[in-house]
Undergrad: 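For reference, the structure I am asking about is given below.
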Amino acid sequence: MRPTLRIEDPRLSLPTFVWLVNISGLRHSVNMLDTNPTSPGHVLAVLRAEGPLTRQELQERVGVSRVTMVERLDALRRTGLVRRVGHRESSGGRRAELLAVDDTGHTALVADIGQSHATLAVVDLRGNVFARQDLRLSTRHGPHETLPMLVDEARSLLSQSGRAESLCAVGLSVPGQIDHDAGVTTAPPTMREWGGVRLRDPFADAFGVPVLLENDANALALADYYAMGRPKATVVGVKVGTGIGAGLVIEGRPHRGETGSAGEIGHMRIEGSNQRCSCGRRGCVAAEASGQALVRTLREHGVRSVDDVVRWVAGGRREAIEAVSAAGRLVGTVLATVVSIVNPRYLRLGGAVGVLPPFVEALRATVEANAHASALRKLDIAASQLGDRGAFVGLAGLVADEMLSPTTVDALCRRL
Ligand SMILES: [Zn+2]
């Protein structure tokens, strides 16, 4: 992020300008101005959490006079973030206008970057997809070849979508840990050359908007959390693709831990295994149950890739179904411990292997047999219903949380 340079750039749209102020080093000074719990930004937050609502309902919830609420709504209408969505019949026969947050006018460019695939999409802040492109990445190429290519592809996708004018942020999900302050990745062992990469910079330079980063399993957990309508519940998302990772959403926020490694379950040790793992140690769950491990297990039968594993299971090949079930049992053993410690309401499974029915069933049976009984009482285990849109929905929601936060909205209102 280079705040001074960009903030003075006259080509920036106003929302971008304000958002850069918010996300850059000036954030703390902006926050100091934003302590009024009845500000336009807070009104929008109430509308986002509880809307659609009438003006009077908003007045009662925020606790302000009619005059103040009219002022707040005027300020919000100028931002384009509130719209009329119909009427509510009132007892006196008068029809009161219903208001809701309009999160469809702003655009985010999102990318889910994996070891062998990347998917780019142009979305609104609800996760509606306007354009997408799937790319196969060469494992021979490191980030220095791959990132400029992704930026070029993203630029042309954005231009084809016709929504470039309303771009407000880029969101990227990657396996492994992220240093959120520095925008640097700590690569998983299977993508060693991606360690220490300044992932944010090429996208920030190309698009001139803030770039948010998230671990892919956190993005999956967030996606299911948003898709379920932001329940007041803890969500654990587990992604089993080439590697294995988990993400936690607690009270609506990703729980990243002190060093960004919360949920890194792939390298937990399993009793009795001596299999060498890509991390250099032996006996990790990823060495036995990841997509990469399944390819190794099934290689003698002709399997060459995780895509082959998926095709073989869909085709009913017995050896593939047995190997995938065994993987589900191993990951389930680890997750039984996670469930006992975290006591989540929802456990959602994603990734190419994670959504395969034999994997889900074996995992569910193992968790139910091994986790603490009271931690199981409300637990809902299922494959994510979002398919390969999951990362987009999660990243769009992250962008929305930042873009529609009271601080950002109040800063925007002060500029209009
Ligand atoms: Zn390992």
Undergrad: Out of curiosity, T119 OG1 to D134 CG, how far, rounded to the nearest 0.5 Å?
TA: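 The OG1 atom of T119 sits 4.0 Å away from the CG atom of D134.
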Undergrad: State whether a side-chain donor-acceptor pair under 3.5 Å links Q177 with E264.
TA: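 Note: Q177 and E264 side chains miss the donor-acceptor criterion.
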Undergrad: If you apply the rule side chain to side chain contact (heavy atoms under 4.5 Å, CB included), what do you find for L73 with L99, and how did you get there?
TA: CA-CA 10 Å; L73 289 174; L99 302 168; 3.7 Å; yes
Undergrad: Is the closest basic N to carboxylate O distance between E322 and R318 below 4.0 Å?
TA: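 Salt bridge present between E322 and R318.
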Undergrad: So with a 6.0 Å cut-off around CZ of R84, is the heavy-atom count from everything else above 12?
TA: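 Atom CZ in R84 is not packed in, count stays at 12 or less.
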Undergrad: Taking atom types as modelled and ignoring hydrogens, do the side chains of T408 and S405 form a donor-acceptor contact shorter than 3.5 angstrom?
TA: yes
Undergrad: Determine, step by step, whether L172 and L212 satisfy the side chain to side chain contact (heavy atoms under 4.5 Å, CB included) criterion, reporting the C-alpha distance in whole Å, the side-chain angles of both residues, the deciding distance to 0.1 Å, and the verdict.
TA: CA-CA 6 Å; L172 306 174; L212 308 183; over 6 Å; no
Undergrad: Rounded to the nearest 0.5 Å, what separation is found between the CZ atom of R126 and the OH atom of Y226?
TA: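 Spacing of CZ (R126) from OH (Y226) equals 14.5 Å.
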Undergrad: Looking at D380 and R348, is any side-chain nitrogen of the basic one under 4.0 Å from a carboxylate oxygen of the acidic one?
TA: yes
Undergrad: Any ion pair linking E214 and R256 (charged N to carboxylate O, less than 4.0 Å)?
TA: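 A salt bridge links R256 with E214.
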Undergrad: Do E50 and R61 touch side chain to side chain, with heavy atoms closer than 4.5 Å?
TA: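 When only atoms from C-beta onward are counted, R61 and E50 do touch, with a gap below 4.5 Å.
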Undergrad: Okay, side chain of R77, backbone of R72: is any donor-acceptor separation there less than 3.5 Å?
TA: no
Undergrad: Got a second to check how far L220's CG is from K239's NZ, nearest 0.5 Å?
TA: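 Here the interatomic distance stands at 7.0 Å.
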Undergrad: Donor-acceptor check, side chain of N128 to backbone of D124, threshold 3.5 angstrom: yes or no?
TA: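 Here the side-chain-to-backbone pair does not exist.
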Undergrad: Please walk me through it: do Q292 and T242 pass side-chain hydrogen bond (donor to acceptor under 3.5 Å, both in side chains)?
TA: CA-CA 5 Å; Q292 198 177 41; T242 306; over 6 Å; no
Undergrad: Measuring from atom CD of E288 to atom CG of N274, what distance do you get when rounded to the nearest 0.5 angstrom?
TA: 9.5 Å
Undergrad: Evaluate the side-chain proximity of V174 to D216: yes if any heavy-atom separation is below 4.5 Å, no if none is.
TA: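 Not touching, per the 4.5 Å side-chain cut-off.
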Undergrad: Hey, does L347 have a side-chain heavy atom less than 4.5 Å from the side chain of V339?
TA: yes
Undergrad: Would you say the side chain of E193 lies within less than 4.5 Å of the side chain of P143, judging by non-hydrogen atoms?
TA: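 Yes, side chains in contact.
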Undergrad: If the threshold is 4.0 Å, N to carboxylate O, is there a salt bridge linking R55 and E97?
TA: no
Undergrad: Roughly how far, to the nearest 0.5 Å, is the OG1 atom of T259 from the CD1 atom of I178?
TA: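 With rounding to 0.5 Å, CD1 (I178) is 12.5 Å from OG1 (T259).
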Undergrad: How close do F207 and V151 get, counting heavy atoms only, and between which atoms?
TA: CZ-O, 4.0 Å
Undergrad: Given side chains that start at C-beta, do those of L137 and S116 come closer than 4.5 Å, heavy atoms only?
TA: no
Undergrad: Should we count CZ of R253 as having more than 12 external heavy atoms under 6.0 Å?
TA: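 Atom CZ in R253 is not crowded, with 12 or fewer foreign heavy atoms closer than 6.0 Å.
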Undergrad: Do R88 and E57 meet the salt-bridge criterion of a basic N to acidic O distance under 4.0 Å?
TA: yes
Undergrad: Using the rule given for side chain to side chain contact (heavy atoms under 4.5 Å, CB included), can you reason through V170 versus V209, listing the C-alpha separation, both sets of side-chain angles and the distance that settles it, and then say yes or no?
TA: CA-CA 7 Å; V170 172; V209 294; 3.9 Å; yes
Undergrad: Taking NE2 in H87 as the centre, count heavy atoms belonging to other residues, nucleotides or ligands within less than 6.0 Å. Is the count above 12?
TA: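 Correct, the count exceeds 12.
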Undergrad: Enter the distance from E60:CD to M69:CE here, rounded to the nearest 0.5 Å.
TA: 10.0 Å
Undergrad: Would you call D410 and R415 a salt bridge, taking side-chain N to carboxylate O under 4.0 Å as the test?
TA: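 Judged by the 4.0 Å cut-off on N to carboxylate O distance, D410 and R415 do not form a salt bridge.
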Undergrad: Are L335 and V331 side-chain neighbours, meaning at least one heavy-atom pair lies under 4.5 Å?
TA: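 Heavy-atom side-chain distance check passes, below 4.5 Å.
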Undergrad: Is it true that atom CZ of R304 has more than 12 heavy atoms of other residues, nucleotides or ligands lying nearer than 6.0 Å?
TA: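 It does: R304 CZ has more than 12 such atoms within range.
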Undergrad: So do the side chains of V46 and L44 get within less than 4.5 Å of each other, counting heavy atoms only?
TA: no
Undergrad: Is it true that a side-chain atom of T297 and a backbone atom of A293 form a donor plus acceptor pair closer than 3.5 Å?
TA: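 Judged by distance alone, yes, a pair lies under 3.5 Å.
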Undergrad: Tell me the closest heavy-atom pair linking S161 and V122, and the distance in Å.
TA: OG-CG1, 3.5 Å
Undergrad: Check G171 against L395 and note the closest heavy-atom contact, atom names and distance.
TA: O-CD1, 3.6 Å
Undergrad: Output yes when a side-chain donor or acceptor of S273 lies under 3.5 Å from a complementary backbone atom of I270, and no otherwise.
TA: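 It does not hold such a pair.
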Undergrad: Please step through salt bridge (Lys or Arg N to Asp or Glu O under 4.0 Å) for the pair D401 and R230, ending with a clear verdict.
TA: CA-CA 12 Å; D401 280 348; R230 300 167 176 270; 3.1 Å; yes
Undergrad: Please check if any side-chain donor atom of S305 sits under 3.5 Å from a side-chain acceptor atom of D307, or the reverse.
TA: no
Undergrad: Mind running side chain to side chain contact (heavy atoms under 4.5 Å, CB included) on D179 and D181 for me, showing each step along the way?
TA: CA-CA 6 Å; D179 177 339; D181 292 332; 3.7 Å; yes
Undergrad: Checking R200 side chain against V184 main chain: does a donor-acceptor pair fall under 3.5 Å?
TA: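 Not at all, since once roles are kept as given, no pair shorter than 3.5 Å links the two residues.
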Undergrad: Would you say the side chain of D224 lies within less than 4.5 Å of the side chain of Y346, judging by non-hydrogen atoms?
TA: no
Undergrad: Please confirm whether the backbone N or O of R329 pairs with a side-chain atom of T333, one donor and one acceptor, at under 3.5 Å?
TA: yes
Undergrad: Indicate whether any N or O donor in one side chain lies under 3.5 Å from an N or O acceptor in the other, for D112 and S173.
TA: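 Looking only at side-chain atoms, S173 and D112 do form a donor-acceptor pair, the distance falling under 3.5 Å.
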Undergrad: Which atom names give the shortest non-hydrogen contact between G332 and T366, and what distance separates them?
TA: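 Nearest pair, atom of G332 first, then T366: C-CG2, 3.7 Å.
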Undergrad: Can you name the closest pair of heavy atoms from G241 and V353 and give their distance?
TA: O-CG2, 4.2 Å
Undergrad: If we check side-chain contact (heavy atoms from CB on, under 4.5 Å) with P52, which of these qualifies: L47, L98, V101?
TA: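 Testing P52 for a side-chain contact (heavy atoms from CB on, under 4.5 Å) against L47, L98, V101 leaves exactly one candidate, L98.
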Undergrad: Taking all atoms of both residues into account, what is the closest heavy-atom pair of F130 and R163, and its distance?
TA: CZ-NH1, 3.3 Å
Undergrad: Do side-chain atoms of N215 reach the backbone of G176 as a donor and acceptor pair under 3.5 angstrom?
TA: yes
